[in-house]
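Written below as structure tokens is the structure these notes are about.
Treat the numbers as computed from the prediction; the structure is a model and nothing was measured. FYI, side chains are in, hydrogens and waters are out, and symmetry mates aren't considered; it's all heavy atoms of this structure.
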Amino acid sequence: MSNFGSWEVNVSTSGYPQKVASALSGLSDKLIGVEYKAIAYLGKQSVNGINHAVLAEQTVLSGKDTKNVVVLIFNEKPNDMEATLVNIERVVESGGELGGIKVDVTTDIPEEASKALTDVLHGFVGTDLKPFAYLGSQVTKGTNHIFAAEVAPVVKDPKVSVAIVIANSLTGELSFTDMLGTKNDALQLGYAFTWLKRQNTSLNGPLGEWP
């Protein structure tokens, strides 16, 4: 049982609580100029009822549609027919210029991206990392592959977090951006990466970063 106010992570790419599913079905009709496609249910939080977090693809409708990735927060009250959208936070923003992020969401993670993540994680034992969606890419020095993933530090009774994870096999870098504010756990991940690299400079493993 989670503490009051803390997020209880429970990722699902196929199912949503009933009241959240009802709110999602009519969301694009209520918000003019944007469309939303749910990617995954992330978890819940007990605050003034129950808050639910959903990862979604956002399409801004214009002459040239723009796609982003956002976290939608819905609040569920016992007597309401459906949950109410209370917050939208953009976690990946596409860039139209050279070097910008190309949002290309799929839960069927491409082989090239999966291999890049595996290469960067080679030799690293500091975390359990489970990607559940591929969010896009960015051509910089090599290619940054962007994932949504469950992450948990390898400690006793770890808390699972959900994060944007960026992997670049050319540079060997891996970065985390926590999506639900469980920063203590995610910081442990960053420290673990840094510790591993510094303790064994000959290791061809990743150097963790915490933006």
Side-chain angles (χ1 to χ4, degrees), residues 6-77 80-96 100-110 113-114 117 129-138 144-151 160-167 175-183 186 211:
S6 64
W7 283 99
E8 179 184 336
V9 174
N10 183 22
V11 173
S12 173
T13 57
S14 59
Y16 301 85
Q18 182 178 356
K19 291 184 179 181
V20 174
S22 177
L24 282 167
S25 66
L27 191 58
S28 294
D29 294 333
K30 296 176 182 176
L31 300 177
I32 299 173
V34 289
E35 292 181 347
Y36 292 93
K37 180 181 179 182
I39 302 168
Y41 179 77
L42 301 180
K44 64 183 180 179
Q45 173 193 49
S46 295
V47 173
N48 192 25
I50 300 176
N51 288 335
H52 299 274
V54 175
L55 190 67
E57 180 185 73
Q58 177 195 64
T59 302
V60 180
L61 304 175
S62 60
K64 187 176 181 180
D65 294 351
T66 301
K67 292 184 182 294
N68 305 298
V69 180
V70 298
V71 174
L72 306 172
I73 304 296
F74 294 90
N75 182 260
E76 176 187 348
K77 299 283 196 306
D80 291 344
M81 294 296 292
E82 64 178 38
T84 301
L85 178 66
V86 294
N87 192 44
I88 302 172
E89 181 178 356
R90 191 172 292 176
V91 293
V92 178
E93 186 170 358
S94 66
I101 294 174
K102 179 184 177 183
V103 172
D104 187 16
V105 177
T106 177
T107 53
D108 185 13
I109 296 173
S114 181
L117 182 61
L129 190 154
K130 298 177 182 177
F132 57 86
Y134 183 69
L135 304 180
S137 61
Q138 179 186 28
N144 289 334
H145 291 284
I146 307 169
F147 305 84
E150 296 178 76
V151 291
V160 178
S161 303
V162 283
I164 301 297
V165 177
I166 302 177
S175 68
F176 299 87
T177 302
D178 183 77
M179 286 192 278
L180 294 179
T182 52
K183 292 185 181 297

| request: Could you tell me the separation between the CD atom of E82 and the CG atom of L24, rounded to the nearest 0.5 Å? | output: 9.5 Å

| note | One should read off an interatomic distance between I88 CD1 and L27 CG, to the nearest 0.5 angstrom, of 6.5 Å

| task | Measure across L85 and N87 and return the closest heavy-atom pair with its distance rounded to 0.1 Å. | result | CD1-O, 3.6 Å

| said: Using a 3.5 Å distance criterion without hydrogens, assess whether the side chain of K19 forms a donor-acceptor pair with backbone atoms of D80. | reply: yes

| Under 6.0 Å from the NZ atom of K102, do we count more than 12 heavy atoms belonging to anything else shown? | no

| task | Mind listing the closest non-hydrogen atom pair of A113 and F147 along with its distance? | result | O-CZ, 3.3 Å

| Minimal non-hydrogen separation, P131 against A149, with atom names | CA-CB, 3.6 Å

| task | Mark yes or no for whether N75, through its side chain, and N48, through its backbone, hold a donor-acceptor pair below 3.5 Å. | result | yes

| What are the two closest heavy atoms between S22 and S25, and how far apart are they? | O-OG, 2.7 Å

| said: Do V91 and T177 have side chains that approach each other closer than 4.5 Å (heavy atoms only, starting at C-beta)? | reply: no

| message | Is the shortest side-chain heavy-atom distance between H145 and L117 below 4.5 Å? | response | no

| query | Tell me, do V160 and V11 make a side-chain contact under 4.5 Å, heavy atoms counted? | reply | no

| Trace of the side chain to side chain contact (heavy atoms under 4.5 Å, CB included) decision for Y36 with V70 | CA-CA 9 Å; Y36 292 93; V70 298; 3.8 Å; yes

| remark: CG (L135) and CD1 (I164) are apart, to the nearest 0.5 Å, by 5.0 Å

| field | D178 vs W7 side-chain heavy atoms within contact, under 4.5 Å | value | no

| request: Please report the closest heavy-atom contact between Y134 and I146, naming both atoms and the distance. | output: CD1-O, 3.5 Å

| field | Spacing of CG belonging to L55 relative to CZ belonging to F132, to within rounding of 0.5 Å | value | 5.5 Å

| query | Which distance, rounded to the nearest 0.5 Å, do you find between the OH of Y41 and the NE2 of H52? | reply | 4.5 Å

| Gap between atom CD1 of I39 and atom OG1 of T106 - 0.5 Å precision | 10.0 Å

| Where do L180 and A53 come nearest, in terms of heavy atoms and distance? | CD2-CB, 3.7 Å

| Can L61 and E35 be said to form a side chain to side chain contact (heavy atoms under 4.5 Å, CB included), step by step? | CA-CA 7 Å; L61 304 175; E35 292 181 347; 3.9 Å; yes

